[in-house]
Amino acid sequence: MMSITDVLRRVEEASAEDVTFKHLEQIRKSKFNTFITVAEDQSLERARALDSGELKSGGRLSGVPIAIKDNMSTTGIRTTCASHILDGYIPPYDATVVERLYAEGAIVIGKANMDEFAMGTSTESSYYGPTKNPHNPDCVPGGSSGGSAATVAAGEVAISLGSDTGGSVRCPASFCGVVGLKPTYGAVSRYGLVSYANSLEQIGPIASNVEDVALLYSIIAGHDPKDSTSVEVDTEISIDRDVKGLTIGVPAQYFEGGINPAVESAVWDGIHHLEDEGATYSEVDMPHTDYALAAYYIIAMSEASSNLARFDGMRYGLRTEDKDWSTTFSEVRALGFGEEVKRRIILGTFSLSTGYHDKYYLKALQVRTLVKQDFDLAFKDVDVLIAPTMPMPAFRIGELVDPLSQYLADVNTVPINLAGVPSVSVPCGSTQGLPIGMQIIGRYFDEPGILGVAAAVEHGIGNKI
Ligand code: GLN
């Protein structure tokens with residue numbers, strides 16, 4: 001894998017154009033189906049403009065190629081959300097995160113593969129075919145930001161962006177052996193991110209190491225007038241991996257229910273390593289965890305059913321033969337959306353409909369408040385919480401075909417989105433050649449704190465994997 005420093009050095013030694021060209025060459029040879037669209041012309045053009053001085057160089061990512069999940073808007077570069085319904089859609093504007101990356105000299109090398117509309121845990125629901133896990137191509141890379149994590153793990157790029165609604169940055173980071181951060185809700189602008197479930201999701205950085213994730217976070221975070229849910233945050237992050245005096249909470253509920261024994265022991269190894277370094281741990285009770293998964297899926301599907309109403313065959317992407325509005329609307333959506341997306345629109349519409357709204361949607365919101373209270377209470381006693389990111393290592397492509405079994409895999413990631421707290425997944429071991437990730441969950445806006453703990457794990461354990 002590559003780091004930002006490696007790439008900056010190569011840009012210095014050769015040129016941005018040379019580095020971009022070599023990245024493109026490697027991406028073309030990829031066996032993992034990591035990209036939906038490779039921005040060959042646009043990336044080389046930007047690299048040349050940086051080399052010639054037409055674009056200001058010297059930014060923190062000057063000449064560094066980055067992969068962007070295909071649900072973020074990129075001017076002039078096709079953005080499909082891995083859906084047939086957006087086939088051929090070329091946005092006329094950049095997401096705020098993309099603008100901020102460009103301002104630091106980054107080069108968008110392409111749009112990474114993902115589950116359709118970010119709905120999934122394996123990247124198998126992409127209309128453009130599944131991404132494969134670079135550690136074992138018979139296995140999934142996780143999802144929904146599978147392309148973003150796999151391309152970093154395969155050494156095709158140093159850095160990428162994913163989005164995390166219920167685990168979609170942390171799950172693929174865990175399955176691919178890379179680092180992925182789900183920021184505090186509101187820390188990063190969602191302007192230009194195609195919404196799946198907007199009250200839950202954040203854009204998050206993925207890289208081979210904690211330091212690069214921290215740098216990317218400091219670039220993309222902060223208030224954006226175009227996203228009213230975004231807030232000002234401290235982006236001057238210095239990572240302190242000294243954990244002396246740190247108090248760790250280990251939530252018992254995150255280790256229950258059929259967790260893979262190798263995952264359990266790798267996460268405990270990580271906790272014991274931190275203990276050796278001067279931290280202490282205690283078990284904490286998070287009693288509403290058991291209800292989080294059901295509440296998450298009701299809320300996420302309800303928001304999805306409303307957010308996806310805009311894909312009407314009139315404004316973007318796929319278009320069938322012109323007929324009256326309602327016929328075209330139905331035809332385009334029947335043809336354009338995949339099975340999982342349709343399932344969620346139907347279930348979400350059902351839970352919002354008269355008579356069921358109180359029973360399902362409002363109930364789920366009440367549970368959300370209780371889940372959030374679990375975190376508030378826990379953080380009165382401990383600085384961070386540590387748990388397995390996923391209950392298992394990467395599963396095989398085609399192994400979890402029924403939707404429910406994939407939903408169940410999200411059991412440890414979704415409570416974090418319901419609460420809105422930050423969480424980072426960092427590699428802490430492996431089993432049968434497949435990586436294992438642990439997540440470090442923090443108080444609101446304590447990205448510096450959890451990244452420091454992640455750096456301690458990376459330093460002590462990551463090097464031995
Ligand atoms: N697997 C979860 C879902 O399908 C999370 C997806 C995400 O975070 N985008 O809803």
Side-chain angles (χ1 to χ4, degrees), residues 68-72 81-83 112-126 130-131 140-149 160-176 180-183 185 188 190 193-206 292-308 337-348 351 364 368 389-392 394-395 400-425 437 439 441:
I68 304 287
K69 186 177 183 180
D70 205 23
N71 59 352
M72 291 172 227
C81 291
S83 181
N113 203 359
M114 55 184 279
D115 279 297
E116 187 178 358
F117 282 104
M119 297 174 187
T121 308
S122 66
T123 314
E124 289 168 287
S125 72
S126 169
T131 295
V140 302
S144 64
S145 316
S148 301
S160 65
L161 289 187
S163 66
D164 190 312
T165 310
S168 281
V169 163
R170 289 162 289 152
C171 159
S174 166
F175 282 6
C176 290
L181 170 71
K182 196 291 281 181
Y185 188 79
V188 177
R190 288 179 295 104
L193 170 72
V194 179
S195 290
Y196 153 27
N198 45 293
S199 80
L200 297 159
E201 58 212 4
Q202 278 287 289
I203 292 169
I206 297 174
L293 194 70
Y296 166 82
Y297 271 99
I298 290 173
I299 294 168
M301 290 181 186
S302 302
E303 291 186 22
S305 74
S306 152
N307 281 323
L308 269 56
F337 287 136
E339 195 187 318
E340 183 59 28
V341 175
K342 284 181 189 155
R343 176 178 300 114
R344 294 188 188 205
I345 292 173
I346 292 167
L347 289 171
S351 70
R368 182 176 192 172
T389 307
M390 299 299 290
M392 76 281 259
F395 45 89
L400 297 187
V401 278
D402 71 299
L404 196 57
S405 58
Q406 278 211 20
Y407 301 167
L408 286 170
D410 300 335
V411 63
N412 280 3
T413 51
V414 300
I416 284 85
N417 301 72
L418 288 174
V421 291
S423 171
V424 57
S425 179
Q439 61 176 337
I441 307 154

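Read the numbers this way: they start at 1 and go in the same order the structure lists the ligands and their atoms.
- A distance of 4.5 Å separates CG of Leu200 from CZ of Arg368, quoted to the nearest 0.5 Å.
- Judged as a side-chain hydrogen bond (donor to acceptor under 3.5 Å, both in side chains), and not counting sequence neighbours, the contacts of Arg344 are Tyr196, Glu340.
- For Ser163, the side-chain hydrogen bond (donor to acceptor under 3.5 Å, both in side chains) test picks out Lys69, Asn71, with sequence neighbours left out.
- By the side chain to side chain contact (heavy atoms under 4.5 Å, CB included) test, Tyr185 is found to be paired with Arg190, Gln202, Thr229, residues two or more places apart in sequence or in another chain being considered.
- Pro172 pairs in a side-chain contact (heavy atoms from CB on, under 4.5 Å) with only one of the listed residues (Ser145, Ser122, Ser160), which is Ser145.
- Contacts of ligand 1 (protein heavy-atom distance under 4.0 Å) are Ala118, Met119, Gly120, Thr121, Ser144, Asp164, Thr165, Gly166, Gly167, Ser168, Tyr196, Tyr296, Tyr297, Arg344, Asp410.
- Summarising the geometry, atom OG belonging to Ser144 is positioned 5.5 Å from atom CG belonging to Asp115; distances are rounded to the nearest 0.5 Å.
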